[in-house]
Amino acid sequence: MKLPLKTAIVDRNLSLVNQTHLFLKSSPIDIDVQYSMYIENEIFSLDDLAACDLDLIIMSNTNLSALKMLRKYLQQQHLLTGQESPMVMIFDDTVVNIQRIHLMWEISNSIILNRRKEDLLLAIQTLANGGFYYSKEFSGYNESKGYFRNNVNKLPLTKTEISVVKELIRDKTNQEIANTLYMSRRTVEYHITSCIQKFEVNSRVGLAVKALSIIERESYDSLMNELVK
């Protein structure tokens, strides 16, 4: 992805908008903050964003009406321009429910359910490299609902390979995976190499991203099924 990342910050609190803006300006990542929006009410317009030719929207106003409006804006922009919509990052620490999680999943490339700046930087770096990022809080939510646990087993891998990939996704080193699964590091490396070949990727990071994309798709389907019950 080209740098600098043309970025908009959308938040419900003016102080938080300013904090995020100043932090990004001082960060080592090449970011051009084009627009900062303070949303006091639930009803607001995103039309001003259209002129910014954005790469990334950092969405920190995650009430249901705001998320629905962002989805509508992204759909309209895609229809009007025929180009891909800007990436969306959810960056908020409010309590979530299943309807909001559904919308977050539908419109965003990364979900951070905290206000930690280190997570924000890591997520931006991951997006810039073509990946996507979920904070531990969001992963924990999925774990509690069983989405990750149920859908990781749908990966087209052997049982042992799935166990290795599960730990790899949790950002463990090969030695840590070996200790967790009671196998040698050489065995872990063998299984990771096998998975990399099966998924036709080039690295551990590529393997994690590909595996997560499959789990995300299956988890999204599970979430949709739960919503229509």
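The OG1 atom of Thr7 lies 7.0 Å from the CG atom of Asp55; values are rounded to the nearest 0.5 Å. For the atom pair CD1 (Ile192) and CD (Glu161), the distance works out to 10.5 Å, reported to the nearest 0.5 Å. Distance check: Leu207 CG to Asn202 CG gives 11.0 Å after rounding to the nearest 0.5 Å. Note that CD of Glu167 is 11.0 Å distant from OG1 of Thr173, once rounded to the nearest 0.5 Å.
The shortest side-chain heavy-atom distance between Ile177 and His191 does not fall under the 4.5 Å cut-off. With contacts defined as side-chain heavy-atom distances shorter than 4.5 Å, the pair Ile58/Leu24 qualifies. With a 4.5 Å cut-off on side-chain heavy atoms, Met59 and Ile107 do not count as touching.
Closest of all the heavy-atom pairs between Ile57 and Pro86 is CD1-CG, 3.9 Å. Contact detail for Ala211 and Leu155: the closest heavy-atom pair is O-CD2, 3.8 Å. Closest approach of Asn174 to Glu189, counting heavy atoms only: ND2-CG, 3.4 Å. Of all the heavy atoms in Leu67 and Thr62, the pair that sits closest is CD1-O, 3.6 Å.
Remark: side-chain polar atoms of Ser194 are not paired, donor with acceptor, to backbone N or O of Tyr190 under 3.5 angstrom. Of the possible polar contacts, one joining the Ser60 side chain to the Phe91 backbone as a donor-acceptor pair under 3.5 Å is found. Remark: side-chain polar atoms of Asp32 are not paired, donor with acceptor, to backbone N or O of Lys6 under 3.5 angstrom. In this structure, the side chain of Thr160 does not engage the main chain of Thr158 through any donor-acceptor pair within 3.5 Å.
Under the 4.5 Å side-chain contact rule for hydrophobic residues, Ile111 and Leu64 share a cluster. Leu181 and Val188 end up in the same hydrophobic cluster when Ile, Leu, Val, Met, Phe, Trp and Tyr side chains are linked at under 4.5 Å.
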Using side chain to side chain contact (heavy atoms under 4.5 Å, CB included), reason through Leu157 and Phe199 one step at a time and then give a plain yes or no.
CA-CA 9 Å; Leu157 303 170; Phe199 281 161; 4.1 Å; yes
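With hydrogens and angles left out, the side-chain atoms of Ser15 and Gln19 include a donor and acceptor closer than 3.5 Å.
Contacts of Lys72 classified as side-chain contact (heavy atoms from CB on, under 4.5 Å), with partners at least two apart in sequence or in another chain: Gln76.
Under the side-chain hydrogen bond (donor to acceptor under 3.5 Å, both in side chains) test applied with Thr180, the options Lys172, Lys166, Gln175 reduce to a single match, Lys172.
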Please list every donor-acceptor pair under 3.5 Å in which a side-chain atom of residues 115-122 meets a protein atom from a residue at least two apart or in another chain.
from: Arg115; atom 1: NH1; to: Asp11; atom 2: OD2; distance (Å): 3.0
from: Arg115; atom 1: NH2; to: Asp11; atom 2: OD1; distance (Å): 3.3
from: Arg115; atom 1: NH2; to: Asp11; atom 2: OD2; distance (Å): 3.3
from: Arg116; atom 1: NH1; to: Glu137; atom 2: OE2; distance (Å): 3.1
from: Arg116; atom 1: NH2; to: Asp119; atom 2: OD2; distance (Å): 3.3
from: Arg116; atom 1: NH2; to: Glu137; atom 2: OE2; distance (Å): 3.0
from: Asp119; atom 1: OD1; to: Tyr133; atom 2: OH; distance (Å): 2.7
from: Asp119; atom 1: OD2; to: Asn114; atom 2: ND2; distance (Å): 2.8

